[in-house]
Structure formats: structure tokens, C-alpha cells
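No hydrogens, no waters, no symmetry mates; every other heavy atom, side chains included, goes into these values. Just so it is clear: chains get the letters A, B, ... in the order the sequence lines come, proteins before strands, and each one is counted from 1.
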Amino acid sequence: AALSLGPTKSALFLLCCVGSWLSSHMSPIRSLQPNAEKGIVKELQFLSNELLENFEEKGLPTSSSYTLPCFIPNAHPPNNINISAVQTYLKTIGPLIDNTTTTGEIIEHLDKLAPQNASETNISVPENAFEKKRFILTILKQFSECMDLVCKSFNCEAQQAT
Amino acid sequence: MAFPAVFQTTCFFMLLSLRACQSEVLTEHLPLTPEALKVFVNSTQQSLHLQWTVHNLPYKGELKMVFQIQISRTETSNIIWKGNYSTTVKWNEILHWSWESELPLECATHFVRIKSVVDDAKVPQPNIWSSWSSWQEAKVQDSFEQDTLFIFPKDKLVEEGSDVTICYISGNIQNNISCYLDGEQIHGEQLDPHVSTFKLKNVPFVRERGTNIYCVDHRRNTINGGTVLFVSKVLEEPKNFSCETQDLKTLSCTWDPGVDTTLAWSKQRSQSYYTLFESFSGKKKLCKEKNWCNWPISQDSQAMYNFTLTAENYLRKRSVNLLFNLTDRVHPMSPLSVKFENISATNAVMTWKVRPTGDYLTLLCEIELYGERKMTQHNVSVKVNGKYLLSELEPDTEYAARVRCAANHFWKWSEWSGQNFTTLQAAPLEALDVWRSVKSGPGTQNVTFFWKLPPKFHANGKILHYTVIVENLDKPSRLEALTIPAPANGTELTLDQSSYEIRVTASNSVGTSPASVMVISADPGDKEVKAERIKGSKDGFFISWKPQSGDFMGYVVDWCDHPQDTLCDFQWKNIGPNTTSTVISSDAFRPGVRYNFRIYGLSTERIAYLLEKKTGYTQELAPLDNPQVDTINLTSHSFTLSWKNYSTESQPAFIEGYYVYLKSKARRCHPGAEKEVLSEITDTTVCCQYKINNPGQKTFTVENLQPESFYEFFVTPYTSVGEGPNSTFTRVRTPDEYSYMLIRIILPVILCIFLLLVACNLKSQWVKEKCYPDIPDPYKSSVLSLIKSKENPHRTIMNISDCIPDAIEVVNKPEGTKTQSLGTRKSLTETESTKPVYLYLLPTEKNYAGPGPCICFENFTYNQAASDSGSCGHPVPVPLGALPSQLGLLTSPENLLQAPGKNCMNSQGEIPTGETTLNYVSQLAAPVSGDKDSLPTNPLMPPPCSEYKMQMAVPFCLVSPPLTENSGLSSMTLLGPGDH
């Protein structure tokens with residue numbers, strides 16, 4: 001009997017260990033309350049607008065050549081935000097506009113919504129100063145619009161009105 | 001003579017031949033043409049770089065030459081620039097020359113050619129220009145693709161204020177292309193079908209990230225090209241360049257770099273960098289910071305330094321020089337270890353150390369000492385350690401001392417190093433400033449003795465207590481000493497009417513101050529002084545007084561800073577004997593507050609004499625409120641206004657009088673009044689203004705008014721600065737004239753009546769006696785006493801029952817109708833009412849008990865009165881056998897029928913019986929109720945017995961319960977048919 005119980009015990013022990021490991025890694029790391037999510041989205045909306053306003057220059061046009069992949073299709077908020085892509089773009093743009101503080105803050109907030117590692121892909125920034133400006137302006141504008149849309153889906157404006 | 005001439009000629013020919021030989025050689029090789037011309041394009045700098053050589057130089061030495069250069073644009077014939085370049089050409093040297101183009105070189109092809117001429121003194125004239133070199137083409141881009149558009153220059157860095165030419169090259173023939181500078185369209189000129197240029201004059205600095213320029217192809221509605229023009233600010237020359245050392249090991253150089261030229265994203269180096277170059281040592285250092293740089297001092301005892309500071313960026317370079325001796329630029333570090341030793345009440349020794357700056361340096365140190373009232377400066381020379389005696393200090397005072405040092409060859413002071421210290425206490429230096437306020441009472445003097453807290457510099461330490469010694473100067477007595485703990489500033493003393501000397505001293509932990517003395521005289525001799533008005537200002541009150549002839553050691557002015565408060569904050573000011581005026585100022589003085597000043601002369605015996613009084617305002621203000629006015633003595637033609645309670649003393653200005661404003665429907669003003677228009681918030685009011693010039697007059701009678709009219713009034717004071725506020729009018733109505741007169745008549749009449757009634761009431765007894773006296777009491781009759789005294793002392797009043805009437809006469813009087821009217825029943829004698837009825841009172845044996853016939857007394861007056869009054873006096877029982885006449889007169893059947901229903905009080909008089917047949921019928925006899933059946937049916941029937949019956953009055957109210965037969969004398973017996 002002792003011999004027959006040995007492998008069973010080990011199997012059970014192993015099963016328990018695997019089960020707990022899986023549960024700890026499969027379950028969401030953090031689940032934010034809806035109000036907290038809304039607060040973060042509102043803050044992101046504010047910061048994205050601030051970033052855009054600080055960069056905007058008179059007579060500088062945007063370009064249709066650049067696109068910020070803001071949303072993930074067929075996903076529910078806040079998981080519909082392409083956090084990874086946004087973080088990558090902001091990490092690139094931050095040093096260019098000499099405002100790593102705000103971009104860093106945005107990246108942190110995005111992390112809180114759904115932690116995803118920013119992709120290591122390098123984004124090619126135009127060399128030409130004029131095109132570089134258009135690239136940054138376009139990305140910041142799209143990010144701001146993106147956050148406006150997300151905020152709308154969270155019904156942020158109604159809360160602001162109240 | 002021949003030899004010199006021959007020698008001169010020989011030399012001349014030799015030189016001539018040499019010259020000819022040389023010219024021949026040069027002429028042989030000229031003109032020298034530039035060869036191997038190459039043109040390089042630097043797009044960033046927009047410059048053409050030329051390179052060429054000059055071959056076949058005749059000498060291996062140098063030769064000055066001039067090169068003429070021509071530059072054409074687009075085609076060789078379009079020469080846009082030509083100029084000369086002079087230089088010394090060496091053998092086999094490659095020559096370089098650059099030309100900067102306004103137009104970006106990408107926008108057009110340029111062509112260059114060159115020719116030269118020798119411009120050297122070694123070469124004989126005339127110099128001949130060489131032929132032109134061939135045109136060399138300078139082209140940046142060969143061709144442009146279709147539908148492309150490029151703008152040049154790319155991300156160019158220029159200085160603010162410079163002129164810039166930009167261009168674009170389109171792959172297509174230009175059509176519908178617009179260019180914009182920061183969103184504003186710019187217009188240029190077409191260079192060729194594919195190229196347009198734009199000249200921007202005096203470009204401004206807009207932002208660090210540069211000015212945006214782009215072009216839009218409207219045909220395709222796309223932005224095909226763009227560039228950023230980086231406009232930097234102009235690099236300035238460094239200002240305030242200075243070097244100094246604190247330790248003779250390192251020189252610290254600083255400067256003001258001016259405006260920052262740094263731009264973001266500029267590919268060219270827009271930011272400035274700074275270099276230091278020292279010419280004596282030949283050393284150079286690139287500074288890391290843009291406004292300071294450290295330079296190590298060499299240990300080779302270099303005394304002189306000559307620095308060149310160069311600021312440089314991509315566009316410009318600026319330099320400044322500085323030459324100095326190192327010892328002249330020593331800036332010592334702040335002293336160390338500042339301490340104080342041997343601190344006493346007036347002295348202290350200050351010590352400090354200086355940081356080493358080299359053995360040969362002597363430092364000059366400056367000490368600043370801050371006391372509570374002043375600052376003093378002291379200088380001292382120091383090598384290593386400093387020491388200084390600070391003297392003439394004030395006791396018990398905190399001082400702040402600080403020291404700084406500089407090199408003897410002054411450059412800059414070091415930073416301050418400081419420390420605080422406090423001197424020790426000493427005895428108070430001076431006597432207290434004292435004053436008093438005396439209030440005399442019956443047999444006493446209440447003296448409030450004040451002293452001012454001594455200033456810090458007199459106290460010399462913390463005052464612990466004050467000692468007040470009171471000495472009676474009139475009679476020897478024991479000195480009274482009071483110890484008052486600090487921080488009191490006065491004490492109250494109650495003294496008798498003697499003269500006293502009061503001495504006050506202040507004591508601290510070290511000693512006592514000199515005494516302050518003040519004498520309170522038994523007879524202060526203060527006369528009644530009227531206060532004189534003075535005018536103050538915001539700076540205070542100027543107060544002057546008449547010079548006094550007496551021997552005064554000074555004057556004192558006292559006043560209250562807050563006269564309206566209970567604690568008036570008593571103040572005084574001492575003035576010297578030779579002064580008869582002063583200015584009293586105080587931060588507490590406020591506009592609209594009346595201040596009262598008293599000027600005293602202080603005699604040599606230290607007795608104060610009141611000299612004058614002044615009163616005034618720093619600024620008079622218009623009264624804030626109006627008096628509360630009562631209306632008195634209201635008549636149909638006048639009324640009086642009274643505001644007795646209005647205090648003129650507590651007003652914000654001297655009240656000069658009052659205005660009485662009266663408003664009526666008539667809108668006419670009586671003499672003595674002026675028509676005035678009052679502006680109110682919403683309306684203007686026309687009314688009559690009466691002016692009262694006397695501020696003491698607080699009543700005013702408005703006369704000549706109309707009866708039964710409404711009048712409105714208000715009273716306001718006026719001062720030199722204006723009158724009181726507009727107030728609401730109070731309404732009053734004059735009564736009508738007649739009611740007033742009626743009141744004047746009716747009131748006295750009512751009063752008289754009332755007095756009469758009171759008098760009547762008081763004299764009612766008298767009236768009663770006079771008008772309806774009481775029926776005499778037979779027992780008290782004087783007749784009785786007469787009878788008693790003369791005849792039988794045992795005689796008494798005859799009993800009624802003993803009285804036998806002789807006859808009864810019944811008279812049918814008109815009064816009978818009167819009695820009838822009182823009742824509804826018919827009298828038994830009604831049928832014979834017109835005839836007199838006589839009842840004869842006959843003596844009967846049966847009923848007669850007395851000795852003789854009776855005599856009846858009737859009092860009709862009483863009866864009538866009693867009957868008329870209707871009131872009940874004394875119910876009297878009618879005895880049996882009452883006279884029919886009496887009954888008929890007084891007790892009509894109706895009356896008798898009524899009688900039983902009423903109660904009557906009864907008081908029966910008794911008739912004294914005697915030997916005489918004197919019968920008396922009491923007027924107090926009252927009708928007695930009885931059964932109506934017992935009423936006599938035949939009044940003419942002679943009574944069975946002559947007997948005296950009581951007269952009775954039967955008023956309406958006499959209703960008494962039926963009396964019983966047993967009631968005896970008190971009962972009333974009505975004559976029945978068989979009873980006579």
C-alpha cells in the first residue's frame with residue numbers, strides 16, 4: 001500500500017502546484033474598479049490634450065502618412081486600447097519633444113489600465129525636421145482623439161458635467 | 001674728377017642692363033592663367049568652394065596676384081556675381097576661395113570661371129590679365145521626378161534679423177503651388193518653369209523648434225514639401241567677465257552669457273560654447289558651463305594673467321579680454337569661529353579666524369555691531385586671527401556682531417560671519433518719567449500716579465518692581481512705601497487734604513534708579529479754566545500757552561489717547577521751561593474724536609498748576625447721527641421740538657447749531673425759515689429750514705401752523721464740516737382749534753364736578769343731616785331728660801301697645817293716586833277716594849291700658865321721603881291697631897299687598913310711657929307684611945281701642961316676610977273688621 005500511494009501523492013502534489021501556478025498566472029493581475037478606470041481615462045484624456053496643446057505650432061499641418069494604432073478591434077473598453085502601440089509611440093516621441101515627464105505619466109496610466117509591455121519595435125521618425133514635426137503632431141493629435149473616444153465610451157463628460 | 005664720373009656711368013649701365021634682363025625674363029612667362037579650376041558645392045553652408053593652381057610661376061618664390069572670378073546662374077551668360085581675389089601665390093600652391101550663395105544651391109545650376117593678373121612690384125608694368133578659364137558647372141541635383149516638390153534650404157540655421165532666400169523645385173511645370181510661412185502664404189518669383197524663390201527679409205525668432213515653411217500643390221491638394229527655418233537669436237558678447245580667487249589655488253571666472261541662442265532640433269550647433277585662453281601661459285580651456293569656468297593657478301608664481309573668453313556658435317564668434325594681477329583678485333572666504341569673551345555690562349571682546357590665503361597677505365576686516373538703537377562699524381587688520389574690543393556697549397542689550405574681510409589690495413569683501421551676544425545688566429540709569437492725575441473729593445484727594453516704563457537703555461535690565469514712597473509734608477508722619485511689581489505703570493493713592501511728596505523708583509536685579517519726585521499740594525490752586533478750541537491735523541495738535549511769570553521748571557501737557565474709552569490711555573509730555581508750545585502727536589489719534597489737553601506748569605517745588613485747557617479734533621467729521629426729537633406742547637397752531645438728550649460733547653465735530661427742517665403741504669416758509677431742497681436717495685424734498693445758531697439750545701417751537709394739518713420735521717446738527725445725515729421726517733398733526741378749546745373748558749368742568757362729588761361724599765353726613773335728618777331717638781330725646789329730672793325718674797317711654805287711638809281720620813288725598821300708581825290692585829276705599837275718611841280713635845276699655853288719651857305725632861315729611869325714595873330704611877313692624885289714616889296714607893291696599901313680598905329691616909322704637917298721655921309714633925316704624933286677608937275691609941270702623949300705632953312708611957322695596965302674631969311690638973297688626 002505504501003508503494004502504491006507514493007506516486008499518487010506525488011501526482012496530487014504536482015497537480016496542486018500546477019493548479020496554483022496556473023491560477024496565479026491566468027487570473028487578471030489587477031482588476032480595477034470601474035470608477036478607477038474612468039478616473040484614469042479622464043486623466044489620460046487631460047494629459048493627451050495637454051501634450052498636444054504644448055506641441056501645436058501655428059501653420060503646422062498633420063500628415064495622413066502616419067497612424068497611431070489606438071484601438072484593438074472587437075474588444076471592450078478598456079481592453080480595446082492598443083496600449084502597447086501607444087506606449088511605444090509615446091516613448092519615441094517623449095525625448096523628441098523634450099517632455100518625458102508627461103509622456104512617462106501617460107505610459108504609467110496606460111500600464112494601470114492593462115499592463116502590457118511596450119513593443120521593442122523601433123518607430124522610424126522622419127529625419128527632416130518638418131516631417132518630424134508633422135509626424136509628432138499627427139501622432140499626438142490621434143492619441144488625443146483616441147482618448148476622447150475612450151472617454152466618451154466611459155461617459156466621462158457626463159461626470160464632468162455633474 | 002674723371003674716376004667718379006666713369007664709375008657712375010658704369011654703375012648706371014649695369015643696373016640698366018640688369019633691369020632689362022629681368023623684364024625680359026618675366027615678360028617671357030606672362031600672363032599666368034589659373035589652371036585646374038574645380039568647384040565644390042557645400043549645400044549646408046550654401047557655398048561654392050573653388051580650388052585652382054597657377055602653374056609656371058617664373059620664380060620659386062612668391063608672387064602677388066589678383067584673380068577675377070565670375071559666377072553665373074542657370075546659364076553662363078547670366079552672371080550674378082563677379083569679384084577679385086588678391087593673394088600671394090606660392091610656387092605650386094593650390095589656391096582656395098569660397099563664395100556663399102543667397103540662393104540655395106540646389107535650386108539652380110551655377111557656373112564659375114576665373115582669370116588672373118600679376119600684381120607684384122617685382123613685375124614691370126603693364127600687367128596683362130590672363131584669359132578666362134573655362135566655365136565650371138556647380139550642380140547639386142541632376143533632375144527631379146515627376147510630381148515631386150522640394151523646398152530648399154533644408155533645416156537652415158540663420159540668425160535673427162538676417163535675410164533668407166528659399167526656393168522650391170517642382171518636378172512638374174509649376175501650376176497651382178502655394179507656399180506658406182507659419183501658415184501665412186508667401187509670394188515669390190519664378191526662377192524657371194520648375195523653380196520659384198522667396199526672399200524673406202529680417203526673419204524673426206519665433207520658437208525654438210523653428211519656423212515652418214511648406215508648399216501645397218493645389219492641383220493634387222497635397223503638401224509636397226516642407227522645411228524648417230531655424231532662426232536663432234544673435235550671439236552676444238559675454239558681459240561682466242571677471243576672475244577671482246579665494247584660496248590662490250583656483251581662479252574662478254564668471255560672465256553673463258546674454259541671450260540663449262540654443263534651438264531645439266537644429267542640426268547645426270545653435271548653442272554657444274565658451275573657451276578660456278590665457279595668453280601668458282598659452283593654455284586654453286573649453287568651459288563646461290556657459291557662465292562660469294575654473295582655471296587652475298599654476299604654482300610657478302605667475303602673477304599676471306591675460307584671459308580671452310570666446311563665445312562661439314555655428315554662426316558667430318565673440319570674445320572679451322581680461323588682464324589682471326592675481327593679488328588684486330583675492331576674494332577671501334568668510335571668517336571662522338566668531339566668538340565673544342569677557343562680556344560685561346558695557347564691553348565685550350570679539351575674536352575670529354580667517355582662512356589662510358597665503359603667507360604674504362594681510363587682510364582688512366570690518367566689524368559691524370548692531371545694537372537696539374544703532375549700528376557701529378570698526379575696522380581691523382588681521383593676519384590669521386582677529387581680535388577686537390567692543391566698548392561703550394549698553395547694559396542688558398542683545399547685540400549682533402558680524403565680521404568680513406578683504407585683501408589689503410581691495411577687490412571684494414568676504415561673506416559675513418556673525419554671532420549674537422548680550423551684555424550684562426546694570427542699575428537703572430535715569431529717574432522715571434512720572435505724572436499724576438488728581439481728583440479731589442470731600443476731605444480726600446484721589447491721586448492716580450503714573451510713570452512711563454523706562455526705555456530699555458535706561459532700565460539697564462529687566463525692571464522687577466517699582467517703589468512709591470508717600471510723605472506728608474504738612475505734618476510729620478511715618479513714610480508710606482508701596483512696592484508695586486512690574487510691569488505696572490501707575491498706582492492709585494487716596495490722600496487727605498494735606499500736601500504730599502511722592503517719590504518713585506524702579507529697581508532691577510542690580511540696583512535702583514534715581515527717584516522721581518512729585519508734590520501733591522493741599523491747595524492746588526487750580527482755577528476754573530475754560531477749554532479753548534484748537535484745530536489739529538493728521539500730524540497732531542499744535543498747542544501753545546501763555547508764558548508764565550512764575551518760577552516754573554517746566555510744563556506738562558496731558559491728554560487721553562482714547563478719550564471715549566473707559567481706560568482712556570492717559571498720556572503726558574514734558575516740555576522745558578523755555579518753551580511755550582509743542583506738537584502733540586500720537587498714532588492713536590483718529591479723525592472725529594475730540595481730544596482734551598491740559599497744560600500744567602511744574603513749579604520748582606514740583607507742584608503742578610493747571611494753566612490752560614485745549615480741546616480739538618485732528619479732523620472734524622460731519623455728524624453721523626441726528627438727535628432723537630420729542631414733540632411737546634402740541635397745539636393747533638404750534639408745537640415744540642425737544643432734543644435735550646443729545647450730547648454735543650461726544651460728536652465727531654464741534655456742534656455749531658442745528659437745522660430744523662419742516663415740511664408742510666403749504667410749501668410756504670414763515671419768516672425766519674428758508675426754503676431748502678433736500679436731496680434724498682430717491683427724491684428731492686422742498687422744505688423750510690430753521691437755523692439754530694446756539695448749540696446749547698435744544699428746543700425749538702414751530703409756530704404759525706394751521707390747525708388739523710400734517711407737518712413733517714427733522715432736526716440735524718451742523719458743524720464746520722457739514723450737517724448731519726439726511727433723516728426720515730417725523731410726522732405730526734396739529735389738532736383742530738375747537739376741540740382744543742373744548743378740552744380747555746370741559747376738563748376744568750369735569751374736574752370741578754369731580755371735586756364737588758368728592759366734597760359731597762366727604763360731607764355726606766352733613767348733607768344727610770341737613771336734607772333728611774335721622775328720626776330722633778326718643779330715648780335720647782332731651783325731653784326725656786327734662787321729664788326725668790323734673791318728675792319721675794322712673795318714667796320710661798310709653799309702650800305702643802299701651803296707646804289707644806282716639807280717632808283715625810282717613811283723608812283721601814291726591815297722594816292716594818300716587819300710591820295707586822305703585823300698585824295694580826284697587827284700594828278698598830277706591831269708591832270713596834274723593835272724600836276724606838276719618839277714623840276716630842276712641843278709647844276702649846279693652847284695649848286701653850294707659851291712663852288717658854294718646855296724642856299722635858306724624859312726620860309726613862319723613863313718610864313722603866321714605867315713600868319717594870323707594871329705598872328701605874328700617875322695616876318697621878306695624879303694631880296692631882294702627883291708625884286707619886296712617887294705613888290709608890301709607891299703606892294703601894296695594895302697598896300692603898306688595899309688602900309681603902319684600903323684606904324690610906326692622907328697628908322698632910319704643911314709646912316711653914308716662915303719666916301724660918303723650919304718644920309717639922316712631923318714624924322708623926316700617927310696614928309689616930301681613931296676610932292680605934288681614935287687611936282692614938272697613939277702615940271706617942272705629943277701633944275697639946284707642947291706641948297709639950306707629951306711623952310707617954311703606955316704600956316699594958319694603959317687602960318683608962310675613963311677621964308672625966308673636967312678633968309682639970315688632971309685628972304689625974292690620975286692623976281687621978272685627979278688631980276695631
Side-chain angles (χ1 to χ4, degrees), chain A residues 47-69 86-107 122-146, chain B residues 43-44 104 106 148-158 166-168 177-186 198 200 203-218 220-232 260 262-271:
Chain A
L47 291 172
S48 64
N49 280 327
E50 185 186 69
L51 214 53
L52 176 64
E53 282 170 18
N54 286 343
F55 185 76
E56 274 180 326
E57 290 178 6
K58 190 180 172 188
L60 182 65
T62 53
S63 171
S64 55
S65 311
Y66 316 110
T67 308
L68 175 74
V86 173
Q87 284 180 328
T88 308
Y89 269 92
L90 289 175
K91 272 184 182 171
T92 308
I93 287 172
L96 296 175
I97 59 175
D98 201 18
N99 193 350
T100 48
T101 314
T102 311
T103 51
E105 211 174 325
I106 291 170
I107 289 163
N122 281 330
I123 293 167
S124 62
V125 180
E127 276 293 306
N128 175 288
F130 183 73
E131 275 308 308
K132 194 193 287 182
K133 280 187 179 185
R134 289 182 76 191
F135 164 75
I136 293 169
L137 179 69
T138 307
I139 296 299
L140 292 182
K141 207 162 198 168
Q142 287 181 10
F143 177 51
S144 176
E145 287 165 0
C146 170
Chain B
S43 290
T44 310
E106 292 88 344
T148 55
L149 188 142
F150 295 96
I151 300 178
F152 297 103
K154 291 282 180 196
D155 305 341
K156 186 178 173 67
L157 174 65
V158 295
I166 61 168
C167 65
Y168 72 80
I177 292 173
S178 302
C179 293
Y180 298 88
L181 175 75
D182 261 356
E184 301 284 333
Q185 190 174 355
I186 50 175
F198 302 89
L200 307 178
V203 288
F205 169 83
V206 178
R207 63 181 78 85
E208 286 183 359
R209 284 199 288 263
T211 308
N212 305 311
I213 301 165
Y214 61 91
C215 296
V216 178
D217 185 347
H218 291 291
R220 295 192 298 138
N221 200 23
T222 54
I223 298 170
N224 275 355
T227 187
V228 176
L229 186 66
F230 291 97
V231 182
S232 83
D260 189 4
T262 309
L263 296 175
W265 295 9
S266 171
K267 286 177 184 170
Q268 291 94 0
R269 184 167 179 161
S270 59
Q271 77 268 26

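Partners of B:D182 according to the side-chain hydrogen bond (donor to acceptor under 3.5 Å, both in side chains) rule, which considers only residues two or more places apart in sequence or in another chain, are B:R207. Scanning for salt bridge (Lys or Arg N to Asp or Glu O under 4.0 Å) contacts around B:E184 gives A:K58, with sequence neighbours left out.
Of the possible polar contacts, one joining the A:K133 side chain to the B:R209 backbone as a donor-acceptor pair under 3.5 Å is found.
The CG atom of A:L60 lies 8.5 Å from the CD1 atom of B:I223; values are rounded to the nearest 0.5 Å.
Heavy-atom neighbours of chain B within the stretch residues 134-146 of chain A, taken at a separation under 4.5 angstrom, comprise A:R134, A:I136. Using a 4.5 Å heavy-atom cut-off against chain B, the contacting residues of residues 93-106 of chain A are A:L96, A:I97.
The two residues B:Y214 and A:P61 come nearest to each other via the heavy atoms CE2-CD, 3.7 Å. Here the closest non-hydrogen pair linking B:F230 and A:A129 is CZ-CB, 3.8 Å. Taking all atoms of both residues into account, the shortest heavy-atom contact from B:N212 to A:F130 is CB-CE1, 4.0 Å.
For the options B:G183, B:G210, B:G226, B:A264, heavy-atom pairs under 4.5 Å to chain A are most numerous at B:G226.
Neither the backbone nor the side chain of B:I151 comes within less than 4.5 Å of any heavy atom of chain A.
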